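Notes follow the structure.
Just so we're clear, the structure is a prediction, and the values are computed from it rather than from any experiment. First the proteins, then the strands, lettered A, B, ... as listed; each starts at 1.
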Amino acid sequence: MAAASSSEESTRRILAAVRAIPAGSVAGYGEVARRAGLPGRARLAARVLAGNEDPALPWHRVLRADGRIAFPEGSSGYREQCRRLRAEGVRVEAGRVRRAKGPRDLDEAVWGPEQ
DNA sequence: ACCGTGACGAGCA
DNA sequence: ATGCTCGCCACGG
């Protein structure tokens, strides 16, 4: 699949990738970018979310690669994201999504729905 | 055109 | 785990 060219299309693809994250699971910015056909463009994914206005977009399911919430702790965005994630049954502790411990498939198991 | 900034990420100390 | 550097790139000043 060819990489997206116009910024408009990149934005469209990134939004589609975010909408594709199932409720109860999360994805990293870089992962979203990859799924959008834009490897290495995590910052673009972040920018797109920052400018999004669609209230139906599940932006709260996107986290940093280390599982932490990207907003500064205590900010309104931080609190809102925490709240929305918990409402979907995602475990959040100290601004970071709780992953089960132990070896597992890195992608699906780590970022998949809480077990 | 240059530079600082940012809802980032991988690598390395 | 924590912190830093560097790569990435769109934007605003």
(message) For the backbone of A:L63 and the side chain of A:R68, can you confirm whether one donor and one acceptor N or O come within less than 3.5 Å of each other?
(response) no
(message) Strictly below 4.0 Å, N to O, side chains only: are A:R13 and A:E9 in salt-bridge contact?
(response) yes
(message) One character per nucleotide, please: for nucleotides 8-13 of chain B, 5' to 3', B when the base has a protein heavy atom closer than 4.0 Å, S when only the sugar-phosphate does, - otherwise.
(response) BSS---
(message) Enumerate the salt bridge (Lys or Arg N to Asp or Glu O under 4.0 Å) contacts for residues 36-55 of chain A, please, sequence neighbours excluded, ordered by first and then second residue.
(response) A:R19-A:D54
(request) Take the protein atom CD of A:E73 and the nucleotide atom P of B:dA7, then report the distance between them rounded to whole Å. (result) 16 Å
(request) Can you tell me the distance, in whole Å, between the CD1 atom of A:I14 and the P atom of C:dA10? (result) 10 Å
Would you say the side chain of [Y] lies within less than 4.5 Å of the side chain of [X], judging by non-hydrogen atoms?
{"X": "A:V90", "Y": "A:H60", "result": "no"}
{"X": "A:L49", "Y": "A:V32", "result": "no"}
{"X": "A:E88", "Y": "A:R61", "result": "yes"}

(message) Which residue is it: A:L85, A:I69, A:I21, A:V62? I am looking for the one with a side-chain contact (heavy atoms from CB on, under 4.5 Å) to A:V26.
(response) A:L85
(request) Evaluate the criterion salt bridge (Lys or Arg N to Asp or Glu O under 4.0 Å) for residue pair A:R84 and A:E80; output intermediate values, then yes/no. (result) CA-CA 6 Å; A:R84 292 197 185 201; A:E80 178 64 10; 2.8 Å; yes
(message) Of the listed nucleotides (C:dA10, C:dA1, C:dT2), which one gets closest to any side-chain atom of A:R96?
(response) C:dA1
(message) If I pick the C1' atom on B:dA7 and the same atom on C:dG13, what distance separates them, to the nearest angstrom?
(response) 22 Å
(request) Please figure out whether A:R68 or A:R41 has its closest DNA chain C nucleotide nearer the 5' end. (result) A:R68
Using atom names, set out every protein N or O paired with an N or O of nucleotides 11-13 of chain C below 3.5 Å, distance rounded to 0.1 Å.
none

